2 protein chains.
Amino acid sequence: MGITKSGHFTEQQNNLAAIAKALGHPARIAILDYLLKVDVCICGDIVGEIPLAQPTISQHLKELKQVGLIKGSISGNTVCYCLDEVAVSTLQSYLSVLSQKLRDHQNQCC
Amino acid sequence: MGITKSGHFTEQQNNLAAIAKALGHPARIAILDYLLKVDVCICGDIVGEIPLAQPTISQHLKELKQVGLIKGSISGNTVCYCLDEVAVSTLQSYLSVLSQKLRDHQNQCC
DNA sequence: ATTTTTAATCGTAATATTGCAATGTAAAGA
DNA sequence: TCTTTACATTGCAATATTACGATTAAAAAT
């Protein structure tokens, strides 16, 4: 991006944006989808499931982890990843507020 | 970004990522926050509320509109923006699936 | 009719992301 | 110990985003 002026916004706004940004890539959605499909945990078999090179996937996993969308624990030779409640519920709460507003005012304007 | 390989992912994954990406900037979160604060509609008074230049805000509004997070209708000299159900509920549904998984499996691994 | 107001568009500089080959690291297995 | 396996890191090239000044477009106000 260019020069994102994060200093002008609240911490909450920056945090929400960071989580959404991490979700904002099809490869990272695909990783989460795979997490859902294989039932919570993925230990070592992500590369091969997603058509990207290993370093690229490693980088995407790092970004998901950084914002708290997934967490990983080292298990010997492999790493085990699963969903992390932290960021999921943060973003979900925000969307709930948005959709509540939508329900309250049934398109009275626009 | 670099060369995002959207061709490798499903339409749904690309769509979800696009919505999340649009949410993934503090200025755009701030715009939505302002929408919530002033009660659904914002007609012409966004610039001045957000510390960015008018062309920048116009660009952010365009991105929110493109993915269906807001909709705008021209009202004479000004434009009236409000939340759009389309993208809000799409992303909300996805997060519901994620958090349902989290609830089903209470951190049995990781 | 002219000026003002509101917001979109264009052009562009600064910076961030994406993707991968090459390389590094550390545990597992032979 | 040596090799293999599984990931993480580094260092780029290619491309996307962000921000804004300048300009344009169109309705409103004078």
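Heavy-atom basis, side chains included; hydrogens, waters and symmetry copies ignored. Letters A, B, ... are given to chains in the order of the sequence lines, protein chains preceding strands, and every chain is numbered from 1. Keep in mind it's a predicted model, so treat the numbers as computed, not measured.
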Among D/dT17, D/dA14, C/dT17, the one nearest any side-chain atom of B/K21 is D/dT17
With the sugar-phosphate defined as primed atoms, P, OP1 and OP2, and the base as all remaining atoms, what B/S/- string results for nucleotides 23-30 of chain D, 5' to 3', for protein heavy atoms under 4.0 Å?
-> ----BS--
Considering only heavy side-chain atoms of A/Q59, the closest of D/dA19, C/dG19, D/dA8 is C/dG19
Between B/H60 and D/dT17, does any side-chain N or O lie under 4.0 Å from OP1 or OP2?
-> no
Specify the separation, in whole Å, of atom CD1 of A/I74 and atom P of D/dC7.
-> 11 Å
Return all side-chain donor-acceptor pairs below 3.5 angstrom for residues 91-98 of chain A, not counting sequence neighbours, or 'none' if the list is empty.
residue	atom	partner	partner atom	Å
A/Q92	OE1	B/S99	OG	3.4
A/Q92	NE2	B/S99	OG	3.2
A/S93	OG	A/S89	O	2.8
A/Y94	OH	B/D33	OD1	2.7
A/S96	OG	A/Q92	O	3.0

Can you run down the salt bridge (charged side-chain N to carboxylate O under 4.0 Å, His left out) pairs that involve residues 53-64 of chain B, sequence neighbours left out, and say none if there aren't any?
-> B/R28-B/E63
Please tell me which of the listed nucleotides, D/dA22, C/dT18, D/dT18, lies nearest to the side chain of A/R28?
-> C/dT18
Phosphate-side-chain proximity, A/H25 and C/dG19, N/O vs OP1/OP2 below 4.0 Å | yes
Which part of the nucleic acid does A/S58 contact within heavy-atom distance under 4.0 Å: base, sugar-phosphate only, or nothing?
-> base
In Å and rounded to the nearest 0.5 Å, what is the CG to CG distance from A/L83 to A/L35?
-> 5.0 Å
Is the phosphate of C/dA8, meaning OP1 or OP2, less than 4.0 Å from a side-chain N or O of B/Y81?
-> yes
Quick one: which residue pairs count as a ring-ring contact (aromatic ring centres under 6.0 Å, His included) with a foot in residues 27-59 of chain A, not counting sequence neighbours?
-> none
Can a side chain N or O of B/T56 be found less than 4.0 Å away from OP1 or OP2 on D/dC20?
-> yes
Base, sugar-phosphate, or nothing for B/L52, non-hydrogen atoms under 4.0 angstrom?
-> sugar-phosphate
Residues forming a side chain to side chain donor-acceptor pair (under 3.5 Å) with B/E11, sequence neighbours excluded | none
Considering residues at least two apart in sequence or located in another chain, which fulfil the side chain to side chain contact (heavy atoms under 4.5 Å, CB included) criterion with A/Q12?
-> A/T10
